[in-house]
Amino acid sequence: MTRSFTPTTYEDLDPDRRPSFAAALIPIFAVVAFLGVGSAVLGLDPHPPLLWSIAFVGAFGLWLGYDWEALFDGIANGLVMGLQAILIIFTIYGLIATWVSAGTIPSLMYYGLEVLSPTTFLPAAAVVAAVVAFAIGSSWTTVGTLGVAFVGIGAGLGVPAPMTVGAVLSGAYAGDKQSPLSDTTNLAAGVTNTDLYAHIRRMRAGTLLAFGLAVLGFLALGLRANGAIPAGRIADIQGALGETYAITLLAFVPLVVTFGLALRGYAALPTLVAGVFAGVLTTLFVQGVGFVPAWETFMYGTAPSSGSDLVNDLLATGGLTGSAWTITVVVAALALGGILERTGVLAVIAHEFTAAVRSPGALVAGTGVSAIVINALTAQQYMSIVLPSVTLRNTYDEFGLDTDQLSRAVEAAGTPTGALFPWHAGAVYMAGVTGVPTLEYAPYYLFAFLSPLVLFAMAATGYSLEATPAAAAAPAAEKPNATSD
């Protein structure tokens, strides 16, 4: 469950401090320029450009007449929306370290190398990730556990890590979007006043089509990756794993505990904490490591000394302390999103968009675009769902569209695309736990492109855009601009 607040709408803004549309674009262009120049031109980490952006938007807010207390409230609201993400990042960095020391991830790699081939690996990774994410309702947990193991298996098979991460992310987000246990799925339904299962049913056709196309894409990539594995490569990796860890089915206890609790409906954070304790206990009793060293691994990470440099690199982790870089980026990005929301910049832009809508198809497509833009500006997927939903739900009523049309649009475009922006909380997390930079895995994260594209195609053709019975029966004159797109 996410802690939330009600975003500021256009009507909520004090007219004396409400920026014009032209003025609202100034901080938007500034943020884009700072992030673009800082990252692409100067090669800086995201932290300095984010700080520049926060300072600029803060100064803009002071110019509008907001005082520091109001701006700080906006920052606090942004952090509240992302609090669960921050705590999950803290926990999962420690969890990955304990699962390595417990032999869980090494055992997954060892057995996976025996049953998978370069040709089948990518589509299999996508499908398995989708099934697991659907079952447990968490794309982040899926990537932070099975995804890390898949990167190791793919490396042993000669599959480039960015391809592996793209396949795992595609499956994880596709499964997450269809899961009744997912926090974003429940959030999209809740904030639009839509029945949860009506929301899931409305998303099903588009999700299945987008994911099916992604799997076909990974099958084609797998055929390209079907080269000869160097003689002895897999045996060398398995030998290094077996010499360093006790490879046994008992090492899968943390996996069973974590996914078992998730399947029973327990929330993500306590489930992951239970996974940490299971990892430490397995380290103690299966790997024979002492109590203090096991918890030091949770804190400081792993640095295996096997006979394989590849294994050493794949299984080196930072532990809890290794999350500092990721956490600081996420906190800065959430603060920026909160201050953009508080100064009314996002509300004004959303209002202008609503005024420009002329058809149901344009409304749905525009909702998807707004979710993507808000993802980029606020750096967290919860805001990309909440803000368009609150701003546009009355407009959907005016066009006679059910609320599940709105919930589908914000989730189809908002949930999967966040991991494409390097400063976004989701992207920072995915890059951190997999060790693959965002811009390297992004071209292979096919579902992030296909999900909104399928939504736009459905909107353009009018497919699945039927109006509510009451609205369909109303005279055309009573439905403003409700023309077919």
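What you see is a predicted model, and the numbers here were worked out from it, not measured in a lab.
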> Short question: side chain of S107, backbone of T104 - any donor-acceptor pair under 3.5 Å?
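Judged by distance alone, no pair lies under 3.5 Å.
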
> Quick check on Y266: does its OH atom have over 12 non-hydrogen neighbours (other residues, nucleotides or ligands) under 6.0 Å away?
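Not buried by this count: 12 neighbours or fewer within 6.0 Å.
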
> What's the shortest heavy-atom distance between A294 and V280, and which atoms?
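Reported closest heavy-atom pair: CB-CG1, 4.0 Å.
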
> Could you walk me through whether W99 and T282 pass the side chain to side chain contact (heavy atoms under 4.5 Å, CB included) test, one step at a time?
CA-CA 9 Å; W99 282 27; T282 304; over 6 Å; no

> Would you confirm whether T258, through its side chain, and L255, through its main-chain N or O, come within 3.5 Å as a donor-acceptor pair?
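It does not hold such a pair.
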
> Quick check against the 3.5 Å criterion: does T302 have a side-chain atom that pairs as donor or acceptor with the backbone of L315?
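It does hold such a pair.
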
> Specify the closest pair of heavy atoms between A129 and V168, including all atoms of both residues, with the distance to one decimal.
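Distance-wise, the nearest heavy atoms are CB-O, 3.6 Å.
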
> Can you find a side-chain donor-acceptor pair between H199 and T185 that sits under 3.5 Å?
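There is no such pair between these side chains.
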
> Does the side chain of V311 come within less than 4.5 Å of T244's, by heavy atoms?
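Side chain of T244 against side chain of V311, heavy atoms only: no contact under 4.5 Å found.
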
> Kindly give the heavy-atom pair with the smallest separation between A371 and V410, and that separation in Å.
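The pair with the smallest heavy-atom distance is CB-O, 4.0 Å.
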
> Is S170 reaching over with its side chain to a backbone N or O of Y445, donor-acceptor style, under 3.5 angstrom?
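Checking the backbone N and O of Y445 against the side chain of S170, no donor-acceptor pair under 3.5 Å is found.
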
> Contact between T98 and P254 at the side-chain level, heavy atoms closer than 4.5 Å - yes or no?
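No, every pair of side-chain atoms sits at 4.5 Å or beyond.
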
> So how far is it from L406 CG to I385 CD1, rounded to the nearest 0.5 Å?
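Nearest 0.5 Å value for the CG-CD1 distance: 10.5 Å.
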
> Measuring only between side-chain heavy atoms, which start at C-beta, is T141 closer than 4.5 Å to T271?
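Result no, sub-4.5 Å side-chain heavy-atom pair not found.
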
> Can V257 and F277 be said to form a side chain to side chain contact (heavy atoms under 4.5 Å, CB included), step by step?
CA-CA 10 Å; V257 169; F277 279 94; over 6 Å; no

> Looking only at heavy atoms, which two atoms of S451 and A412 are closest? And how far apart?
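Heavy-atom minimum between the residues: OG-O, 2.7 Å.
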
> Any heavy-atom pair between the side chains of V253 and V286 that's under 4.5 Å?
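The answer is no, as the side chains (C-beta and beyond) never meet within the 4.5 Å cut-off.
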
> Relative to each other, are the rings of F421 and W423 parallel, tilted or perpendicular (30° and 60° limits)?
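Rings of F421 and W423: tilted, as their planes differ by 30° to 60°.
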
> Does any part of the side chain of V276, heavy atoms only, come nearer than 4.5 Å to the side chain of T91, both counted from C-beta?
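Of all side-chain heavy-atom pairs linking V276 with T91, at least one is under 4.5 Å.
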
> Enter the distance from Y173:OH to E411:CD here, rounded to the nearest 0.5 Å.
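If we round to the nearest 0.5 Å, Y173:OH and E411:CD are 11.0 Å apart.
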
> Work out which heavy atom in A419 is nearest to a heavy atom in T438; give both atom names and the distance.
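Smallest interatomic distance, heavy atoms only, reads O-CG2, 3.4 Å.
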
> May I have the step-by-step check of side chain to side chain contact (heavy atoms under 4.5 Å, CB included) for L363 and L401, ending in yes or no?
CA-CA 10 Å; L363 176 60; L401 295 177; 4.2 Å; yes

> Does G175 offer a backbone N or O that forms a donor-acceptor pair with the side chain of S179 under 3.5 Å?
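Flag not set: sc S179 to bb G175 has no pair under 3.5 Å.
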
> Given H424 and Y429, is the side chain to side chain contact (heavy atoms under 4.5 Å, CB included) satisfied, shown in steps?
CA-CA 8 Å; H424 190 279; Y429 169 82; over 6 Å; no

> Of all heavy-atom pairs between G103 and Y245, which one has the smallest distance, and what is that distance?
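G103 and Y245 have their closest heavy atoms at CA-CD2, 4.3 Å.
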
> Is any side-chain heavy atom of V37 less than 4.5 Å from a side-chain heavy atom of P49?
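No, every pair of side-chain atoms sits at 4.5 Å or beyond.
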
> Do V364 and R408 come close enough that some side-chain heavy atom pair is under 4.5 Å?
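Yes, their side chains come closer than 4.5 Å.
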
> Assign the ring pair F447 / F211 to parallel, tilted or perpendicular, where the plane angle (0 to 90°) is split at 30° and 60°.
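The arrangement is perpendicular - the two ring planes meet at more than 60°.
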
> Side chains of L221 and F218: closer than 4.5 Å at any heavy-atom pair?
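They are in contact (side-chain heavy atoms under 4.5 Å apart), so the answer is yes.
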
> How long is the straight-line distance from CG of L122 back to CG of L219, given to the nearest 0.5 Å?
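With rounding to 0.5 Å, CG (L219) is 9.5 Å from CG (L122).
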
> Could you grab the distance from atom CG of L113 to atom OH of Y110, nearest 0.5 Å is fine?
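The distance works out to 9.5 Å.
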
> K177 and T207: side-chain donor and acceptor closer than 3.5 Å?
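The criterion, which ignores hydrogens and geometry beyond distance, is satisfied for T207 and K177.
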
> Find the distance between CZ (F150) and OG1 (T145) and round it off to the nearest 0.5 Å.
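Separation between the atoms: 9.5 Å.
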
> Rounded to the nearest 0.5 Å, what separates atom CG in L320 from atom CD1 in I92?
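With rounding to 0.5 Å, CG (L320) is 12.5 Å from CD1 (I92).
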
> Say whether, by atom type as modelled, one donor and one acceptor occur between the side chain of N77 and the main chain of G338 under 3.5 angstrom.
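A pair under 3.5 Å: no.
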
> Side chains of T192 and Y396: is there a donor and an acceptor less than 3.5 Å apart?
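Not at all, the side chains of T192 and Y396 share no donor-acceptor pair under 3.5 Å.
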
